[in-house]
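The structure under discussion appears below in the form of C-alpha cells.
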Amino acid sequence: MTDLKSLRGMVDLLPSEIKRWQNVESLARQHFDRAGLKEIRTPILELTELFARGIGEGTDVVGKEMYTFSDRGGRSCTLRPEGTASVARSVIENGLLNNGPQRLWYGGPMFRYERPQAGRQRQFHQLGVEFVGLESVLSEAELISIAWDFLKLVGLKGVKLELNSLGTNEDRSCFRKQLKVWLEKKYELLDKDSKQRINVNPLRILDSKNPNTQKLLEDAPSLNEFLSDKSRERFFYLQELLHQLSIPFEVNHKLVRGLDYYSHTAFEITSDQLGSQATVCGGGRYDGLISDLGGGNTPSIGWAIGMERLILLLGDSFTNKDVPCVYLIHRGSNTDGVALDVARKLRFAGIPIELDYSGSTFSKQFKRADRIGAQWALIIGEDELSKEIVMLKKLHSSSSDSLTTQFSFNLNEIDNLITFLKN
RNA sequence: GCGGGCGUCGCCAAGUGGUUAAGGCAGCGGCUUGUGGCGCCGCUAUUCGGGGGUUCGAAUCCCCUCGCUCGCCCCA
C-alpha cells in the first residue's frame with residue numbers, strides 16, 4: 001500500500017456513493033428553483049480577516065478551527081469554514097443589493113480544522129440559503145419552511161425543529177450582564193469548560209452538555225425574560241406562521257448558536273440518529289453581519305445543511321443503481337474501430353453503452369456484461385464484420401432458448417438498432 | 001488539544017510465541033479457441049500500519065511512532 005494518503009478528515013466520495021449525492025443535489029436545485037432562489041458561487045479561499053470579522057474573534061471556529069496560511073504574496077488566507085461570510089462579502093462587493101433583496105442559495109466544501117468523528121470531517125459540504133436584505137417575519141417563516149420542506153422532500157424522517165429568539169443586540173447584552181452576575185455567584189458549581197467561558201461568551205454556557213451544569217441552569221435567568229416587546233412579538237408571529245404551515249417545532253430558550261452574528265431568530269433541525277453530531281441544519285438571523293463587513297445596514301437570515309450528515313441519515317434510500325443499457329462485446333482483428341464507432345453512434349442517440357477492451361474470449365466478455373448488470377449485449381466478431389451486421393442479445397432472460405433473443409442489424413442501418421433499443 | 005477502541009491481500013476476516021499466515025468476496029486464467037447468469041479447477045500477502053526491543057523462534061509479548069475510529073469541546 002502506498003504511504004500517500006488523503007489528509008486527515010479529508011474524505012473521498014467514491015463512485016459507489018456518488019449517486020446519492022447527485023440525487024440530493026438535483027432535488028435541492030429543483031426545490032430552490034421553485035422557490036425562486038438564485039444560486040451563488042463564491043471562492044473557497046478568502047482573506048482571513050473576512051471570517052475573523054464576520055464570524056467573530058471569540059468563536060471556536062475562528063479561534064481554533066480555521067485552515068489559515070500565507071500565500072506567496074504574504075496575505076493571510078483561510079479556507080472558508082462556512083458560507084455566510086463569503087456570501088455577505090460577495091453581496092457587498094458586487095453591489096447586489098442595488099437590485100433589491102437577494103434570496104440566494106449555495107453549496108460546496110467547507111473546511112474546519114477539528115478532530116474528525118462521526119458526522120464531522122475537516123472538509124465537509126454544506127448547502128445553504130441566505131435571504132439578504134429581508135427583515136420580515138414572513139420571509140423568516142418561508143426561509144425555515146424551505147429548509148423543512150427540503151428535508152421532507154429528500155425523505156428525511158425523525159427530525160426535530162428547535163427555535164429560539166436571541167432578541168436584539170440590546171436585549172442580548174442586557175441578558176448577558178444579568179446572566180454573568182448570576183453565573184459568577186455559582187462559579188464553583190460550574191464545570192471546567194463553563195468556567196472558562198464565563199467571560200468570553202457566557203451565553204454559550206446555556207448550551208452546555210454537562211448534566212450538572214444543565215441542572216444548575218434550571219434556575220438561571222432566561223433569555224426569554226429579557227426580550228423586548230417588539231422582539232417577543234416577532235417571535236410569536238413566527239410561531240404563529242409555522243403553526244399555519246403545520247411545521248412542528250419546539251421552542252428552546254437555551255438554543256444559542258455558536259457564531260457571533262446571530263440575532264432574533266435562531267433555529268436548528270436535529271436528529272437523534274446522528275450520534276453526538278445531531279444538527280443537520282442550523283441557521284438564524286444575522287442583521288449585523290453585512291454592516292460589520294462594511295456594507296449598509298442589511299437585515300438578513302440564512303441556514304446551512306450539512307450534506308454528509310444528511311446523506312448519513314438518508315442511508316441507502318437513495319441508491320437506485322443505474323445499470324448500463326448495452327455492453328458491447330467484440331473480438332477479432334479489426335473489430336476495435338467498428339466497435340468504438342458503434343458505441344459512439346449509440347451514445348449520440350442517448351443510449352448508455354460500455355465497451356469491452358479486453359479482447360478476451362466471448363465467454364469472458366459475456367460474464368463481464370452480466371456482472372455489471374447490462375440489459376443487452378451487442379456482439380461484433382469477425383463473422384459479423386464480414387457480413388456487416390451486429391448481434392444483439394437480451395441478457396437476464398430465461399435460459400430456455402437463446403435463439404429468440406438474438407437480432408441482427410446491418411451496420412449501415414444502425415438506426416434500426418437505435419430505434420429497437422429505445423423501445 | 002484531551003480520553004476510549006482498533007490496524008493481517010482491493011474488501012470482509014481466522015490466527016493470541018513454534019517451522020508453508022486459514023477462509024470468503026472481488027480480480028485473473030482454465031474446464032467451454034464465437035455466446036452470460038450455475039458449477040468445478042488453478043493463480044493472486046516471503047508478510048501481518050511503520051520502527052526498535054525481548055526470544056533459539058513474534059502477526060502474536062514490550063516500547064515508540066503513524067494512521068483510522070468513537071467520544072469530549074464545538075459545529076453543519
Side-chain angles (χ1 to χ4, degrees), chain A residues 1-9 11 14 16 55 58-65 81-84 107-128 147 151 191-194 196-197 201 204-205 207-210 256-259 268-271 274-283 302-313 327 329-332 335 356 358-385 391-399 402-403 405-406:
Chain A
M1 209 204 297
T2 173
D3 50 354
L4 250 28
K5 295 174 147 185
S6 70
L7 288 164
R8 169 182 295 221
V11 315
L14 300 175
S16 59
I55 300 171
T59 62
D60 281 7
V61 169
V62 172
K64 56 179 198 186
E65 294 170 4
E82 53 108 56
T84 304
M110 307 292 163
F111 303 82
R112 283 173 7 194
Y113 195 93
E114 300 176 88
R115 286 288 291 270
Q117 67 188 71
R120 176 198 287 168
Q121 297 163 190
R122 288 185 172 182
Q123 177 177 341
F124 61 104
H125 299 260
Q126 285 187 343
L127 204 54
L151 295 178
D191 60 273
K192 201 168 121 256
D193 290 321
S194 296
Q196 283 175 355
R197 214 169 281 154
N201 197 342
R204 287 240 300 289
I205 296 177
D207 236 357
S208 170
K209 273 155 197 138
N210 184 302
V256 179
R257 300 187 45 75
L259 310 185
E268 273 184 11
I269 300 174
T270 56
S271 163
L274 273 174
S276 52
Q277 311 303 320
T279 308
V280 196
C281 175
W303 52 252
I305 283 176
M307 281 289 278
E308 280 79 3
R309 291 181 189 176
L310 176 56
I311 280 166
L312 214 60
L313 284 171
Y327 192 77
I329 286 167
H330 69 106
R331 179 172 163 84
T335 60
D356 194 295
S358 69
S360 51
T361 65
F362 283 96
S363 172
K364 291 290 169 200
Q365 295 193 47
F366 268 101
K367 277 190 175 149
R368 230 165 272 136
D370 210 69
R371 264 201 56 72
I372 65 168
Q375 298 164 53
W376 301 92
L378 197 62
I379 303 107
I380 302 176
E382 286 176 348
D383 292 354
E384 287 78 10
L385 207 56
M391 305 291 283
L392 182 69
K393 181 172 183 174
K394 179 120 182 88
L395 300 177
H396 306 295
S397 57
S398 66
S399 56
S402 55
L403 273 179
T405 61
Q406 296 187 19

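Just so it is clear: chains get the letters A, B, ... in the order the sequence lines come, proteins before strands, and each one is counted from 1. Given the structure is predicted, the values throughout are model-derived calculations rather than measurements.
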Checklist line | Any strand: nucleotide that pairs with B:rU55 via Watson-Crick or wobble, under 3.5 Å | finding: none
Next item on the list: Using the P atom as the reference point in each nucleotide, state the distance between B:rG51 and B:rC9 in Å, no decimals.
Entry: 16 Å
Check: Can a side chain N or O of A:R371 be found less than 4.0 Å away from OP1 or OP2 on B:rG27?
Finding: yes
Margin query: Of the options B:rU35, B:rG29, B:rG67, whose atoms approach the side-chain atoms of A:K5 most closely?
Written below: B:rG67
Item checked: Interatomic distance at P, B:rC43 relative to B:rC38, whole Å -> 22 Å
Note to self: Rounding to an integer number of angstrom, what distance separates B:rU19 and B:rG29 when you compare their C1' atoms?
What the structure shows: 32 Å
Check: Looking only at atom P, what distance separates B:rU8 and B:rU35, rounded to whole Å?
Finding: 43 Å
Margin query: Work out how far the P atom of B:rU60 is from that of B:rC6, and round it to whole angstrom.
Written below: 15 Å
Notebook entry, point to check: A:Q117 side chain N/O closer than 4.0 Å to the phosphate oxygens (OP1, OP2) of B:rC70?
Noted result: no
Checklist line | Gap in Å between the two P atoms, one belonging to B:rC62 and one to B:rU16, rounded | finding: 15 Å
Note to self: Please tell me if A:R120 has a side-chain N or O lying less than 4.0 Å from either OP1 or OP2 of B:rA76.
What the structure shows: no
Next item on the list: Compare the ring of A:F366 with the six-membered ring in the base of B:rG36 and state whether they stack (centres under 5.5 Å, planes under 30°).
Entry: no
Margin query: Rounding to an integer number of angstrom, what distance separates B:rA13 and B:rC25 when you compare their C1' atoms?
Written below: 11 Å
Item checked: All side-chain hydrogen bond (donor to acceptor under 3.5 Å, both in side chains) counterparts of A:E82, not counting sequence neighbours -> A:Y261
Margin query: I want to verify a distance call: between B:rG36, B:rA76, B:rU33, whose nearest atom is closest to the A:R331 side chain?
Written below: B:rU33
Checklist line | Protein proximity profile, nucleotides 38-44 of chain B - base contact B, sugar-phosphate-only contact S, no contact -, cut-off 4.0 Å on heavy atoms | finding: -B-----
Margin query: Please confirm whether the shortest side-chain N or O distance from A:R368 to OP1 or OP2 of B:rC28 is below 4.0 Å.
Written below: yes
Notebook entry, point to check: Which nucleotide in the list B:rG30, B:rA76, B:rU69 gets nearest to the side chain of A:P116?
Noted result: B:rU69
Next item on the list: Sequence neighbours left out, what pairs pass salt bridge (Lys or Arg N to Asp or Glu O under 4.0 Å) with at least one residue falling in residues 363-375 of chain A?
Entry: A:D356-A:R368
Check: For B:rG67, what is the paired nucleotide under Watson-Crick or G-U wobble rules, both distances under 3.5 Å?
Finding: B:rC6
